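Below is one structure; the comments refer to it alone.
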Amino acid sequence: MLPEIKIGRYALPSYGIAIYLGLLCLALISYREAKKRKINGEDLIYSLVLALLAAGLGAKLLYLITVLPSIPWSKLSAAEINLALYDLLRSGFVVYGALFAGFLSLWAYAKKYRLNSYKLLASIAVGLPFAQACGRIGCFLAGCCYGYPYSGPLALSFPQSSLHPLPVPRFPTQLVWALGNFLFGSFLLFYSHHLGRRASSAKQVFTAYLLGYSLLRFCGEFLRGDLIRGVYGPLSQAQWISIFVFGFGLVLLITNKFKRKKSKKG
């Protein structure tokens with residue numbers, strides 16, 4: 001839709017700008033949450049930088065795992081293989097790969113420096129939906145992750161490109177996802193404020209993120225028109241992962257409720 005924003009002689013990638021805005025939102029909200037949960041500022045900065053590096057690697061790794069098997073390497077010439085490898089390295093990331101690697105690095109950092117892991121995870125999880133919303137706006141501007149063919153109200157047409165090969169009207173899936181993430185992030189902010197600083201609140205907030213995001217992603221996948229991530233049976237790869245994440249969130253929810261009831265009886 002608008003892959004580049006021109007400022008004088010310079011052309012800046014709109015997707016990159018959206019990602020940087022998302023990271024700024026994440027940093028500001030995480031700082032607010034970490035301060036409330038009495039996490040040292042230096043610990044937040046170091047752990048967040050580590051998580052971002054891990055997230056970038058995880059997002060790229062899961063993308064490569066997903067895409068590599070679908071490429072007919074034996075039928076490509078040497079020049080085509082080099083071009084394919086270049087394209088794979090310069091583009092393509094999977095959100096769930098970023099989340100898994102990022103959360104794992106945060107957990108490892110907390111264990112290494114004897115911090116409360118759920119306080120650290122919750123502090124960053126509250127800001128994630130806003131960062132993800134900015135990322136979806138970046139997808140909209142770049143023309144990737146587009147919706148299914150659609151000619152009703154609010155239908156959008158994207159210029160034909162390598163990301164969007166068929167110039168047909170589409171459902172505005174990226175914008176719906178962005179709105180959903182903004183609303184979900186607003187809910188998490190309210191929920192975190194409502195729970196306050198009590199001991200179990202961090203685990204509840206992190207659990208709410210896992211349940212809410214996985215449900216939002218699972219439903220949103222039905223609105224997509226690109227199949228670059230693959231379909232396995234009746235569901236996409238992201239939907240199968242969402243089921244796993246939602247199930248893990250349910251386990252945390254149930255165990256958290258059980259522990260609270262046990263503590264009240266004690």
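Just so you know, these numbers come straight off a predicted model, no measurement behind them. Every heavy atom of this structure was used, including side-chain atoms; hydrogens, water molecules and symmetry mates were not.
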Side chain to side chain, S192 and K36, heavy atoms closer than 4.5 Å: yes
Does CZ belonging to F244 count more than 12 external heavy atoms closer than 6.0 Å? no
Side chains of I243 and Q239 in contact at under 4.5 Å (non-hydrogen atoms): no
For I254, check side chain to side chain contact (heavy atoms under 4.5 Å, CB included) against everything at least two apart and list the hits. none
Rounded distance (nearest 0.5 Å) linking atom NZ of K60 with atom CD1 of I65: 12.5 Å
Any side-chain heavy atom of P129 sitting closer than 4.5 Å to one from F182? no
Taking only residues two or more places apart in sequence or in another chain, which ones pass side chain to side chain donor-acceptor pair (under 3.5 Å) with S123? none
With a 4.5 Å heavy-atom cut-off, do Y213 and N181 have their side chains touching? yes
Given side chains that start at C-beta, do those of L223 and W177 come closer than 4.5 Å, heavy atoms only? no
So V245 and L211, do their side chains get closer than 4.5 Å, heavy atoms only? no
dist Q174:CD -> R136:CZ (nearest 0.5 Å) comes out at 8.5 Å
Once rounded to the nearest 0.5 Å, what's the spacing between atom OG of S14 and atom CZ of F140? 10.0 Å
Determine the sole option in Y113, W107, Y109 for which the side-chain contact (heavy atoms from CB on, under 4.5 Å) test with K111 is passed. W107
Cut-off 3.5 Å, no hydrogens considered: what does the side-chain donor-acceptor table look like for residues 96-106, sequence neighbours left out?
{"from": "Y96", "atom 1": "OH", "to": "S242", "atom 2": "OG", "distance (Å)": "2.8"}
{"from": "S105", "atom 1": "OG", "to": "G102", "atom 2": "O", "distance (Å)": "2.7"}

Side chain to side chain contact (heavy atoms under 4.5 Å, CB included) partners of A155, counting only residues at least two apart: Y150, P169
Got a sec, which residues hit side chain to side chain donor-acceptor pair (under 3.5 Å) with Y209, two or more places apart in sequence or on another chain? Q132
Output for pair (L121 CG, L210 CG), nearest 0.5 Å, gives 8.5 Å
Between T255 and L252, is there a donor-acceptor pair closer than 3.5 Å when you use the side chain of the first and the backbone of the second? yes
Report the distance from atom OH of Y15 to atom CD1 of I137, rounding to the nearest 0.5 Å. 12.0 Å
Pairwise side-chain contact, L183 with F187, heavy-atom cut-off 4.5 Å (strictly under): no
So, taking the atom named CZ in F246 and the one named CZ in F218, what distance separates them when rounded to the nearest 0.5 Å? 10.0 Å
Heavy-atom pair with the smallest gap, counting every atom of F184 and A208: CZ-O, 3.6 Å
Side chain to side chain donor-acceptor pair (under 3.5 Å) assessment of K119 paired with S201: CA-CA 8 Å; K119 285 186 177 182; S201 65; over 6 Å; no
Identify every side-chain donor-acceptor pair in residues 47-58 under 3.5 Å, counting partners at least two apart or on other chains, and give the distances.
{"from": "S47", "atom 1": "OG", "to": "D43", "atom 2": "O", "distance (Å)": "2.7"}
{"from": "S47", "atom 1": "OG", "to": "L44", "atom 2": "O", "distance (Å)": "3.1"}

Polar side chain donor-acceptor pair, R217 to S236, under 3.5 angstrom: no
Contact between L156 and Y146 at the side-chain level, heavy atoms closer than 4.5 Å - yes or no? no
